[in-house]
Number of protein chains: 2
Amino acid sequence: MSRRNPSQTHGGQADRTARSAVSTMADLLQLTGTPVERPQAAERIPVVLRHLHAGECLVLEGAPVDALFFVRAGTFKIFRTDEDGYEQVLAFAIRGEVLGFDALCMASYPVAISALEASAVHVVPCSDIPSLSQALPAFGQMLQHCGSRTLAHSRELVDIMAAVASEVRLARFLIQHSRRMADCGLSPSRFLLRMGRREIASLLGVAHETVSRSFTTLAALGLIQVCDREVGIRDMDGLAAFARSTRRPMDAPLIVRARLPANGSMPAQSRRPTVHRLAA
Amino acid sequence: MSRRNPSQTHGGQADRTARSAVSTMADLLQLTGTPVERPQAAERIPVVLRHLHAGECLVLEGAPVDALFFVRAGTFKIFRTDEDGYEQVLAFAIRGEVLGFDALCMASYPVAISALEASAVHVVPCSDIPSLSQALPAFGQMLQHCGSRTLAHSRELVDIMAAVASEVRLARFLIQHSRRMADCGLSPSRFLLRMGRREIASLLGVAHETVSRSFTTLAALGLIQVCDREVGIRDMDGLAAFARSTRRPMDAPLIVRARLPANGSMPAQSRRPTVHRLAA
DNA sequence: CGCTGTCTTGAACTGTCTCAACCATGGTGG
DNA sequence: CCACCATGGTTGAGACAGTTCAAGACAGCG
């Protein structure tokens, strides 16, 4: 299952690159997008920055809760592994999001978290949270804000998974992802997915083959353009309209997914262009 | 859709029964199960108790965010309605849980919340949150705790919906519900579902007929006992084992759900016993 | 180079959706 | 009081979509 996983949690040598800068409150507020009333706090707070390489595990499922994290850079996968080895992905997290908030009310982490690419997080020891919250009201606000946003995300995900058709699930996922990318200041219509088909499939609750097929279907409809993990959204309005389908679209829409247009609207390009990347 | 809905939000006359007691901090901490370090706060805080009757709406989707709620009694349904009228249930909330936490980071409620039975909530105006958090550290802790718990719930739900087989989804739902009932001090093995099949179906992401069939299947397996909305868990371990099935159970387990035992293990009783309620 | 892992595509099976009855209940009003 | 209707739950039958098994293409890596 786990591909390369060189250092569990952080096997000794990770600590080398770990401890580094101590951030300011203003920095964290800006990172998390917390709307703060009194932007007074240029206070330095004792959170360290930890770097992780692709595939490295930040927290293990069942480990004692010792810290909270704020994603500075990179992408994370939040997942649970049941005893038969199946990996259930519960969320993906990117810059500005909090990790481990759901563990605050328990003794051990209910989920595992790993980095999908080279990433970095600010580490806030649990023991510091009460004192920080009291000393810096902005910190408490930030925690509230991030927790709230994470819950909203999770609720959105429930909405995504509730869609019947797999193409609709994928469309909703892409739209959510697009909005998140925009929130990070990146292009909402052209991005590189940091996760594999299998992980998307797990999140969406379908087989990975189905995700593959759904990608090609959406592409055949002219809504998106896909080249491996590189995704371009060609028709955002159309994609949004497609994503709105709930039950039986009532009329035509079911024809479109019956079979691909048959007249290769795709320029018959091989799956991996090898050279030209996702023509604009 | 909405059955009787006499007062939208609270159409004037609801305010009559609304305003009442002002709670103490200790009361709320106990209600929400917040582990507090210094149980000093017997402080009285300005939160009012609001009563709702069955079917009444606490917040409307899209309404401006003005308050946060803590469930004192009853059951609530958190849901979203898309433009074609389909109601997507995102969660159920019971005693001790926070409502509206996901709205803290936005201007308007992303979801609607309605009472499934006669219920009561403590109302905390949003404008009071910063001052309360600063004046009473325990309040901030409580908010954190409840928000964290709600997120954990939502993540669990994702796990529930990720299950392939509908019976497994239902089994997981029942187990989660059972644990929640236990947390409230109620019996974990015998409870009355406050929501209809259609609402469970929406939450689980299946058709309501499928929920019905799954109920009968689980009952036929001897794992539970169902009589309309009254549910008894006969074999918690068996149910938990059944709920663990992820993908293709590998061997036998698929036989059990192939067809009901055929030898009516159910005493041929009509759906509604009319007199004897769910024999022990 | 062969290996491994990811992604894609094909074909058959099967579970769930959908449509359709049916029954029981509860409320309404003649 | 009972006919009537609306609601909620159950069950059956057919069709379709997704899972599953299987194969193949391609890239990265030792």
Side-chain angles (χ1 to χ4, degrees), chain A residues 1-4 54-55 86 162-170 193-202 204-217 219-220 226-231 245-250 253-260 266 269-275, chain B residues 1-4 55 86 116 162-170 193-202 204-217 219-220 226-231 245-250 254-255 257-260 264 266 268-275:
Chain A
M1 275 304 142
S2 57
R3 52 258 204 89
R4 73 194 60 87
Y86 180 73
V164 272
S166 61
E167 296 95 349
V168 175
R169 294 193 192 199
L170 183 59
L193 295 172
R194 290 347 231 257
M195 65 295 289
R197 296 287 189 268
R198 194 177 301 269
E199 291 162 316
I200 296 177
S202 177
L204 266 43
V206 297
H208 70 277
E209 295 97 329
T210 305
V211 173
S212 213
R213 284 183 246 265
S214 298
F215 263 117
T216 56
T217 300
V226 188
C227 168
D228 209 38
R229 296 191 178 183
E230 213 171 334
V231 173
S245 327
T246 45
R247 309 262 147 198
R248 182 72 41 212
M250 252 40 194
L254 76 165
I255 306 168
V256 299
R257 96 157 79 90
R259 191 173 301 100
L260 314 198
M266 290 291 259
Q269 67 181 146
S270 80
R271 185 169 63 85
R272 308 205 186 194
T274 314
V275 139
Chain B
M1 275 302 145
S2 56
R3 50 260 204 92
R4 71 193 64 85
Y86 180 73
L116 290 176
V164 272
S166 61
E167 297 95 350
V168 175
R169 294 193 192 199
L170 183 59
L193 295 172
R194 290 349 231 256
M195 65 295 289
R197 297 288 190 266
R198 195 176 301 267
E199 292 163 316
I200 296 177
S202 177
L204 265 44
V206 297
H208 70 277
E209 296 97 329
T210 305
V211 172
S212 213
R213 284 184 249 265
S214 298
F215 263 118
T216 57
T217 301
V226 187
C227 168
D228 209 40
R229 295 190 178 183
E230 214 171 334
V231 173
S245 327
T246 45
R247 308 262 147 197
R248 185 67 46 208
M250 252 41 195
L254 77 165
I255 306 168
R257 99 156 78 91
R259 191 173 301 99
L260 313 199
M266 289 291 257
Q269 67 180 147
S270 80
R271 185 169 61 87
R272 309 206 186 193
T274 314
V275 138

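Lettering of chains follows the sequences in order, A, B, ..., and the numbering in each one begins at 1.
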May I have the distance from A/Y86 (atom OH) to D/dT19 (atom C1'), rounded to whole angstrom? 12 Å
From CG of A/L204 over to P of D/dT19, roughly how many Å is that when rounded to an integer? 10 Å
Write down the distance between CZ (A/R194) and P (C/dT6), rounded to a whole number of angstrom. 17 Å
Any side-chain N or O of B/T216 under 4.0 Å from OP1/OP2 of D/dT10? no
Show the numbers, then the answer: is there a side-chain contact (heavy atoms from CB on, under 4.5 Å) between A/L204 and A/I200? CA-CA 6 Å; A/L204 266 43; A/I200 296 177; 3.9 Å; yes
Rounded distance (Å) that lies between atom P of C/dA24 and atom CG of B/D228: 13 Å
Measure CG/A/L193 against C1'/C/dC7 and give the value in whole Å, please. 13 Å
Give a yes or no on whether the backbone of A/R198 and the side-chain of A/S202 come within a donor-acceptor separation of less than 3.5 Å. no
Given D/dT20, C/dT18, C/dT16, which nucleotide is nearest the side-chain atoms of A/E209? D/dT20
N/O donor-acceptor pair under 3.5 Å between B/R197 side chain and B/T210 backbone: no
If you assign each of A/H208 and B/H208 to its closest nucleotide in DNA chain D, which residue comes earlier from the 5' end? B/H208
Between CZ of B/R213 and CD of B/E167, what distance do you get to the nearest 0.5 Å? 10.5 Å
If I compare all heavy atoms of A/A163 with all of A/R169, which pair ends up nearest, and what's the gap? O-NE, 2.8 Å
Spacing of A/R198 atom CZ relative to C/dG5 atom C1', expressed in whole Å: 9 Å
Rounded distance in Å - CD (B/E230) to C1' (D/dT10): 18 Å
Selection from C/dT8, D/dG9, D/dG18 that lies nearest to any side-chain heavy atom of A/E167: D/dG18
Side chain of A/A165, heavy atoms from C-beta onward: which of C/dC7, D/dG8, D/dG18 has the nearest atom to it? D/dG18
Where the side chain of A/S212 is defined as all heavy atoms beyond and including C-beta, which of C/dT16, C/dC7, D/dG8 is the nearest nucleotide? C/dC7
Report the nucleotide, chosen from D/dT11, D/dT19, C/dC7, that has the shortest atom-to-atom distance to any side-chain atom of A/R197. C/dC7
To the nearest Å, give me how far apart CG (B/L170) and C1' (C/dT16) are. 15 Å
Can you find a donor-acceptor N/O pair under 3.5 angstrom joining the side chain of A/R213 to the base of C/dG10? yes
Which nucleotide in the set D/dG9, D/dA22, C/dT16 lies at the smallest distance from any side-chain heavy atom of B/T210? C/dT16
